[in-house]
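Beneath this line is the structure, given in structure tokens, with notes to follow.
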Number of protein chains: 2
Amino acid sequence: MSAYRQFCPLALASETLTQRWMLLILRELCAGARRFSDIHRGVPGIRPTLLKKRLDTLEFAGIVARPTRGTGSSKPAYALTTAGEELRPVLAGIAGWGQRWARDVRDDDLDPGWLVWTMHRRLNTALMPQGRTVIQICFSDAPAHQRSFWLVCAEGDVEVCLKPPRFDVDLLVTSRVRALAEVWRGLRPLDSELRCGRIRVEGAPKMRRAFPSWLLLSPYASIERQV
Amino acid sequence: MSAYRQFCPLALASETLTQRWMLLILRELCAGARRFSDIHRGVPGIRPTLLKKRLDTLEFAGIVARPTRGTGSSKPAYALTTAGEELRPVLAGIAGWGQRWARDVRDDDLDPGWLVWTMHRRLNTALMPQGRTVIQICFSDAPAHQRSFWLVCAEGDVEVCLKPPRFDVDLLVTSRVRALAEVWRGLRPLDSELRCGRIRVEGAPKMRRAFPSWLLLSPYASIERQV
DNA sequence: CGGTATCCCCGTCGATACTG
DNA sequence: CAGTATCGACGGGGATACCG
């Protein structure tokens with residue numbers, strides 16, 4: 001993207017921030033992603049080549065730093081600088097506006113894999129039973145290769161598996177993609193979806209009752225949509 | 001720009017907002033521009049074709065409305081909807097971040113015409129003498145065709161002229177482009193630039209003394225730069 | 001003033017394959 | 001895991017000219 005040739009602070013900020021994929025990459029970094037592959041999982045549409053290029057641009061702009069660079073450490077990582085941290089409220093502002101006013105989602109936008117990936121960072125593990133909890137999410141209307149996902153929760157950590165883990169499933173959640181996505185977005189309350197059967201939960205009664213408390217929704221779910 | 005295919009509110013908002021020129025067009029609308037040519041003067045780099053296309057996109061997205069559309073009125077105008085008004089704090093957030101953290105401006109970015117255009121909306125006409133006040137701005141290092149501009153202030157209204165108006169000049173301000181731009185951006189105080197002669201003001205003593213109070217700076221001038 | 005029409009270039013991005 | 005190399009196509013957008 002060539003520059004705007006204006007010294008307005010909005011124009012200067014835009015040069016970097018409005019490049020394609022940039023805000024989504026920053027969203028992942030704000031959400032705590034540090035490794036290349038984790039950032040990529042949160043922005044699956046981008047090619048690795050381009051992701052690398054964007055990360056280099058962010059580093060050059062002083063928004064991202066690579067703490068381990070040059071240390072020979074085997075764990076490359078990306079981190080937000082102070083300038084990057086200050087983008088948090090900016091992104092929150094854009095997202096908040098999007099929650100209120102952006103277009104409706106199309107079926108195209110409903111990527112089940114991404115839904116699970118973004119959910120996995122917003123599970124209240126503190127309320128889960130001791131030890132390991134395995135939740136299987138089954139999307140009844142998804143193509144075979146992204147029908148089922150497994151969330152393995154242990155010691156406050158949540159891992160997303162695309163194949164059945166070797167552990168027993170404690171809770172099976174079945175739903176169409178859109179139904180769960182709309183709950184996630186705060187457009188419908190979970191309990192009403194459970195009551196009318198659009199989302200079903202199977203497992204031990206204790207687990208089933210606790211499930212709604214585990215599921216933290218999108219950070220913007222509480223902002224009321226205007227359109 | 002093709003869509004991101006994510007139902008994240010940030011992604012949905014980005015689809016429209018991160019299109020090239022979009023934020024600058026919205027900046028002009030937020031600043032009060034209503035007519036096509038006024039928007040264009042604030043974003044001189046864009047082609048009319050593309051500007052029209054972007055405005056249509058904004059209208060389609062519900063951010064801009066055309067109150068006179070279909071009325072046969074001869075004064076076409078663009079206006080922000082409620083959704084558009086709610087972008088104000090979002091743009092202010094991005095610009096505020098830019099003021100603190102964006103790259104330094106290059107000589108390329110120092111368009112004198114744009115500086116005058118953006119200044120003309122931030123003149124404190126209430127403090128000016130009754131009747132008409134004409135300020136000539138002369139950029140000593142600018143190419144001939146954008147060396148001089150005239151601000152004609154009358155009845156609370158400020159007009160930018162590229163050619164000498166038929167009225168006498170009350171105040172002549174001479175400066176290099178960068179010097180005035182840096183004052184505008186809040187990087188240096190005006191009075192020190194006046195004292196050291198990097199910016200010179202000629203005219204009746206009363207006018208000369210009043211001038212600094214007329215010149216409101218960039219809305220972001222008071223935000224301290226961090227880099 | 002407020003746009004259109006047309007042409008064409010070049011940079012961006014996507015696809016695929018490969019590597020330390 | 002964390003990228004790199006190479007290639008090709010597309011389309012956004014820049015330039016110029018024109019119109020009601």
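The shown structure was predicted, so the numbers you read here are calculated from the model rather than taken from an experiment. Here is how names work: the chains are called A, B, and so on, in the same order as the sequence lines, proteins then strands, and each is numbered from 1.
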Protein-nucleotide distance ([X], atom [atom1]; [N], atom [atom2]), rounded to Å:
{"X": "B:F36", "N": "C:dT4", "atom1": "CZ", "atom2": "C1'", "result": "10 Å"}
{"X": "B:K52", "N": "D:dC19", "atom1": "NZ", "atom2": "C1'", "result": "15 Å"}
{"X": "A:D56", "N": "D:dA2", "atom1": "CG", "atom2": "P", "result": "15 Å"}
{"X": "A:R54", "N": "D:dG3", "atom1": "CZ", "atom2": "C1'", "result": "17 Å"}
{"X": "A:Y78", "N": "D:dC1", "atom1": "OH", "atom2": "P", "result": "14 Å"}
{"X": "A:K53", "N": "D:dG3", "atom1": "NZ", "atom2": "P", "result": "16 Å"}
{"X": "A:Q19", "N": "D:dG13", "atom1": "CD", "atom2": "P", "result": "13 Å"}
{"X": "A:R41", "N": "D:dC1", "atom1": "CZ", "atom2": "P", "result": "9 Å"}

query: Once you round to the nearest 0.5 Å, how far does CD of A:E159 lie from CZ of A:R132?
result: 11.0 Å

field: Donor-acceptor contact present, side-chain B:S218 to main-chain B:R185, <3.5 Å
entry: no

- request: Check whether the ring centres of B:W150 and B:F167 lie less than 6.0 Å apart, and answer yes or no.
  value: no

query: Would you say the ring centroid of A:W21 lies under 6.0 angstrom from that of B:Y4?
result: yes

- prompt: Does a side-chain N or O from B:Y4 land closer than 4.0 Å to OP1 or OP2 of C:dC13, or not?
  reply: no

- prompt: Do the side-chain N or O atoms of A:R66 get closer than 4.0 angstrom to the phosphate oxygens (OP1, OP2) of D:dG3?
  reply: yes

field: Plane angle bin for B:F36 and B:Y78 - parallel if under 30°, tilted between 30 and 60°, otherwise perpendicular
entry: tilted

query: Along nucleotides 14-20 of chain C, 5' to 3', which nucleotides get a B, which get an S, and which get a -, given that the test is a protein heavy-atom distance under 4.0 Å?
result: SSB----

message: The criterion is side chain to side chain contact (heavy atoms under 4.5 Å, CB included); which residues satisfy it with A:H120, sequence neighbours excluded?
response: A:W117, A:L151, A:V158, A:V160

